[in-house]
Amino acid sequence: MATATQGSSLVDVIERVLDKGIVIAGDISVSVGSTELLSIRIRLIISSVDKAREIGINWWESDPYLSSRTNELLEANQQLQSRLETLEAELKALRSAEPVS
């Protein structure tokens with residue numbers, strides 16, 4: 001019985017996958033007869049952060065829900081919304097107070 005003298009450990013495999021990256025793509029469809037009931041497209045990429053940046057994928061850097069500043073950004077957004085509503089109310093009041101010529 002032949003045995004491998006040098007095997008790959010799980011850590012080696014994971015390191016290789018993260019270094020090179022892997023793409024998994026597939027389509028699932030459920031049909032009854034000729035009528036398609038459900039269609040699902042699956043696209044998955046597994047890579048290290050460095051490799052993802054190298055190939056142009058960095059959406060997590062600008063997603064406020066993945067940022068450590070989420071609460072700060074949401075609060076600033078609420079304050080700006082409140083100021084905007086106040087300014088709009090003042091503008092409406094000014095326009096209604098102007099004499100019509």
Side-chain angles (χ1 to χ4, degrees):
M1 180 181 283
T3 60
T5 56
Q6 182 181 9
S8 295
S9 70
L10 180 60
V11 173
D12 293 335
V13 171
I14 290 173
E15 183 178 337
R16 220 172 292 144
V17 166
L18 291 178
D19 183 48
K20 300 292 182 187
I22 185 170
V23 175
I24 300 170
D27 296 327
I28 300 170
S29 65
V30 177
S31 300
V32 174
S34 62
T35 305
E36 188 173 298
L37 300 175
L38 177 67
S39 180
I40 300 172
R41 298 185 79 183
I42 298 171
R43 305 294 182 258
L44 173 69
I45 182 167
I46 300 172
S47 70
S48 67
V49 171
D50 293 335
K51 186 67 174 180
R53 281 189 186 129
E54 184 181 315
I55 60 176
I57 300 172
N58 62 349
W59 52 264
W60 64 87
E61 293 175 351
S62 60
D63 189 335
Y65 292 102
L66 297 176
S67 170
S68 60
R69 299 179 49 212
T70 299
N71 290 333
E72 179 184 329
L73 292 172
L74 289 174
E75 184 178 324
N77 189 19
Q78 288 173 346
Q79 289 174 353
L80 288 171
Q81 187 68 34
S82 176
R83 288 179 62 195
L84 179 61
E85 289 170 1
T86 302
L87 289 171
E88 287 175 341
E90 288 177 13
L91 181 60
K92 186 177 180 181
L94 288 171
R95 284 186 177 160
S96 65
E98 287 181 2
V100 178
S101 48

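Since we're looking at a predicted model, the values are computed, not measured. Values below: all heavy atoms of this structure, side chains included; hydrogens, waters and symmetry mates excluded.
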In Å, rounded to the nearest 0.5 Å, how long is the span from CD1 of Ile40 to CD1 of Ile42? 6.5 Å
Check: residues 13-37 side-chain donor-acceptor pairs under 3.5 Å, at least two apart:
residue : atom : partner : partner atom : Å
Asp27   : OD1  : Arg43   : NH1          : 3.4
Asp27   : OD1  : Arg43   : NH2          : 3.4

Once side chain to side chain contact (heavy atoms under 4.5 Å, CB included) is applied, do any residues pair with Ile55, and if so which ones, sequence neighbours excluded? Ile45, Ile57
Run through the side-chain heavy atoms of Ile, Leu, Val, Met, Phe, Trp and Tyr, join any pair under 4.5 Å, and report what else lands in Leu91's cluster. none
Sequence neighbours excluded, which residues qualify as side chain to side chain donor-acceptor pair (under 3.5 Å) partners of Asn77? none
List for me each residue that meets salt bridge (Lys or Arg N to Asp or Glu O under 4.0 Å) alongside Glu54, sequence neighbours excluded, and say none if there are none. Lys51
Inter- and intrachain pairs under salt bridge (Lys or Arg N to Asp or Glu O under 4.0 Å), touching residues 77-87, at least two apart: none
Tell me whether Val49 shares a hydrophobic cluster with Trp59, the cluster being built from Ile, Leu, Val, Met, Phe, Trp, Tyr side chains joined at under 4.5 Å. yes
Using the side chain to side chain contact (heavy atoms under 4.5 Å, CB included) criterion, which residues pair with Glu90? Sequence neighbours excluded. Thr86, Leu87
